[in-house]
Amino acid sequence: MAAEHWAGISDELRREVGESNHKSWIAPLEYLGVNEDALRLRAPSRFVGDWVKRNYHDQIIAQLQRSGLQVQRLDFEFGPARAATPTNGSERTRPRAMPDEGLQSAPLDAKLCFENFVVGKPNELAHAAARRVAEGGEVTFNPLFLYGGVGLGKTHLMQAIAWELQEKRPELQVLYLSAEQFMYRFVQALRDRQIMDFKNLFRSVDVLMVDDVQFIAGKDSTQEEFFHTFNALVDQNKQIVISADRAPGEIKDLEARISSRLQCGLVVDLHPTNYELRLGILQRKAALFSQSYGSITIDDGVLEFLAHRISSNVRVLEGALQRLFAFSSLIGQEITLDMVQDCLSDILRTSERRVTVEEIQRKVSEYYNIRLSDMLGPKRTRTIARPRQVAMYLSKELTSRSLPEIGRRFGGRDHTTILHGVRKVEEICGTDTQLHEDIELLRRLLEN
Ligand code: ADP
Ligand code: MG
């Protein structure tokens with residue numbers, strides 16, 4: 001039996017299990033071979049493998065036997081597919097391999113395209129610049145240098161550029177790789193005495209994208225070679241896109257001439273996410289997950305809760321959502337806030353908000369122009385009491401402090417007083433749009 005044979009069987013199974021189940025469970029399986037009476041398959045994760053075994057084992061075996069194979073068992077291996085094919089059923093293909101001697105772009109992830117990139121204030125400039133480069137028109141800034149912390153979308157934007165160019169300008173040679181791969185290929189060329197080939201190949205691309213360039217800092221001969229490649233391409237007016245975890249001038253052990261060269265084009269940073277962006281990303285990803293997991297529903301409050309509580313990088317946010325969907329499909333229940341607490345306790349613990357009750361009190365006092373001592377003191381006039389309640393509400397929302405702990409920080413008030421304040425604000429917020437806006441603004445001020 002060959003891989004094509006499996007493809008035929010997979011098609012048959014599509015008819016039996018339906019399009020959406022097929023996409024979630026059967027399509028991700030990679031055919032590895034047949035061992036005596038066992039068919040060997042690779043599943044992207046143990047979760048998928050177990051699921052398939054439990055739910056589709058018999059159907060798969062039956063289908064194999066119908067096609068004339070004496071297979072009795074399925075054996076699974078786990079891990080990402082060896083073949084660099086996109087796994088989300090998209091029609092995309094990876095950018096064309098370079099014609100000469102296998103200088104290939106690193107495999108691109110089909111999900112990392114512009115359509116899946118959510119734009120917000122923190123990343124709008126980087127997004128706009130990436131879009132411009134992806135048009136493949138005249139080179140206006142060279143290089144485009146994208147930088148920012150982990151998980152803020154640098155790799156996503158670079159791969160999106162590669163996809164887009166591949167579609168719009170298929171004649172262009174686009175090469176995307178990490179700085180680490182650049183070094184690896186360079187060292188290999190040195191070892192195999194093929195450095196001229198290496199140079200020629202890298203100088204023949206139309207668009208070069210090097211991800212995580214901070215990696216080559218301190219690696220002297222690789223830096224040197226990178227510098228020459230870079231200059232040669234800029235001289236030919238070929239587009240270069242670079243990413244790093246910090247600004248060019250701040251990369252330690254990066255040669256000064258390289259860092260100043262890198263600053264010649266457009267340097268844009270991806271800022272840390274804010275609440276709106278996180279919520280937007282979660283909504284987009286939840287819609288995608290819902291498609292692939294069938295009919296799982298998610299409570300409205302859940303995404304908002306996650307956007308508030310997980311403010312580290314987007315990868316963590318995504319992992320959290322993925323876990324919720326997997327868990328929910330296992331136990332066959334919709335995703336609720338209670339489930340979130342159980343299922344994500346570890347993530348929630350580590351991304352505990354760093355904002356403190358004291359900070360909240362200070363910001364809220366400033367905002368309403370009252371004295372901090374009044375906020376903590378006994379006065380009960382409206383102009384003082386309302387801001388105080390707002391601060392109580394935000395303390396409950398944004399910190400992990402308990403009501404008694406918050407009470408102690410509000411001049412030793414009882415926890416029932418805090419609860420009353422929180423409830424009051426919730427209640428008024430429903431009708432008072434001004435208060436609602438005040439709170440959203442304060443929340444943003446405190447989160448960034
Ligand atoms: P970086 O390279 O900056 O460390 P990545 O590009 O690998 O980060 O992003 C990490 C994950 O977060 C990826 O799965 C990516 O798709 C997702 N992500 C980051 N920013 C966004 C965004 N604005 N919209 C949608 N997904 C995003
Ligand atoms: Mg990256």
Side-chain angles (χ1 to χ4, degrees), residues 44-45 80 84 86-88 90 92 105-131 133-134 143-164 175-184 208-217 241-248 250-251 267-292 303 306-307 310-326 347 351 447-448:
S45 66
T87 50
N88 71 349
S90 140
R92 294 163 178 281
S105 220
L108 297 178
D109 184 334
K111 293 189 293 299
L112 303 184
C113 54
F114 280 120
E115 297 87 89
N116 290 343
F117 191 82
V118 180
V119 185
K121 262 262 164 290
N123 61 23
E124 64 180 346
L125 207 57
H127 172 260
R131 281 277 191 190
V133 169
L144 168 60
F145 189 99
L146 298 171
Y147 76 93
V150 179
L152 297 182
K154 302 181 294 292
T155 298
H156 192 140
L157 281 177
M158 291 180 101
Q159 298 210 4
I161 294 173
W163 283 121
E164 188 92 353
L175 181 61
Y176 163 86
L177 80 178
S178 65
E180 190 176 1
Q181 288 160 338
F182 180 86
M183 181 178 94
Y184 176 77
L208 175 66
M209 299 202 262
V210 181
D211 205 350
D212 288 320
V213 81
Q214 75 276 358
F215 182 85
I216 61 165
V241 185
I242 306 284
S243 84
D245 63 353
R246 63 200 71 189
E250 286 163 17
I251 302 175
V267 178
V268 240
D269 60 340
L270 289 131
H271 297 277
T273 58
N274 59 16
Y275 173 74
E276 286 81 2
L277 179 58
R278 290 195 294 275
L279 187 59
I281 291 174
L282 282 166
Q283 284 165 342
R284 180 76 58 90
K285 308 253 155 166
L288 289 175
F289 280 134
S290 295
Q291 273 171 20
S292 54
L303 298 182
L306 294 177
I310 305 179
S311 54
S312 47
N313 74 54
V314 181
R315 208 169 287 139
V316 177
L317 214 54
E318 230 173 22
L321 203 57
Q322 166 90 64
R323 200 195 292 176
L324 287 174
F325 272 93
I347 298 180
S351 51
E447 275 180 339
N448 292 315

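Remember, it's a predicted structure, so these values are computed and weren't measured experimentally. For ligands, and for the atoms within them, numbers begin at 1 and follow the listed sequence.
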| message | Does anything in residues 119-128 form a salt bridge (Lys or Arg N to Asp or Glu O under 4.0 Å)? List the pairs, not counting sequence neighbours. | response |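 Listed once each, the pairs are Lys121-Glu124.
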
| message | Would you compute the distance between atom CG of Leu125 and atom CG of Leu270 and round it to the nearest 0.5 angstrom? | response |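 With rounding to 0.5 Å, CG (Leu125) is 9.5 Å from CG (Leu270).
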
Nearest heavy-atom neighbours spanning [X] and [Y]:
{"X": "Gln159", "Y": "Pro107", "value": "NE2-O, 4.2 Å"}
{"X": "Gly153", "Y": "Phe117", "value": "O-CE1, 4.1 Å"}
{"X": "Gly120", "Y": "Leu277", "value": "N-CD1, 3.8 Å"}
{"X": "Ser243", "Y": "Asp212", "value": "OG-N, 2.8 Å"}

| field | Stepwise side chain to side chain contact (heavy atoms under 4.5 Å, CB included) test for Phe289 and Leu324 | value | CA-CA 10 Å; Phe289 280 134; Leu324 287 174; over 6 Å; no

| request: Count the heavy atoms belonging to other residues, nucleotides or ligands that lie under 6.0 Å from CD of Glu180, then report whether that count exceeds 12. | output: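 For Glu180, atom CD is not crowded (no more than 12 foreign heavy atoms under 6.0 Å).
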
| request: Under the side chain to side chain contact (heavy atoms under 4.5 Å, CB included) rule, collect the residues that match up with Ala128, sequence neighbours excluded. | output: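 Result, side chain to side chain contact (heavy atoms under 4.5 Å, CB included) vs Ala128: none returned.
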
At less than 3.5 Å, what protein N or O atoms come close to the N or O atoms of ligand 1? Include the distances to 0.1 Å.
unit_1   : atom_1 : unit_2 : atom_2 : d
ligand 1 : 2 (O)  : Thr155 : N      : 2.9
ligand 1 : 2 (O)  : Thr155 : OG1    : 2.8
ligand 1 : 3 (O)  : Leu152 : N      : 3.3
ligand 1 : 3 (O)  : Gly153 : N      : 3.1
ligand 1 : 3 (O)  : Lys154 : N      : 2.9
ligand 1 : 3 (O)  : Lys154 : NZ     : 2.9
ligand 1 : 4 (O)  : Gly151 : N      : 2.7
ligand 1 : 4 (O)  : Arg315 : NH2    : 3.2
ligand 1 : 6 (O)  : Lys154 : N      : 3.4
ligand 1 : 6 (O)  : Thr155 : N      : 3.2
ligand 1 : 6 (O)  : His156 : N      : 2.8
ligand 1 : 7 (O)  : Arg315 : NH2    : 2.8
ligand 1 : 8 (O)  : Gly153 : N      : 3.2
ligand 1 : 8 (O)  : Arg315 : NH2    : 3.4
ligand 1 : 14 (O) : Glu318 : OE1    : 2.8
ligand 1 : 14 (O) : Glu318 : OE2    : 3.0
ligand 1 : 16 (O) : His156 : ND1    : 2.7
ligand 1 : 23 (N) : Val118 : O      : 2.8
ligand 1 : 23 (N) : Asn123 : ND2    : 3.3
ligand 1 : 24 (N) : Val118 : N      : 2.8
ligand 1 : 26 (N) : Lys285 : NZ     : 3.1

| query | Counting only protein N/O/S, how many atoms fall short of 2.8 Å from the Mg ion (ligand 2)? | reply |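 Of the protein's nitrogen, oxygen and sulfur atoms, 1 lie under 2.8 Å from the Mg ion (ligand 2).
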
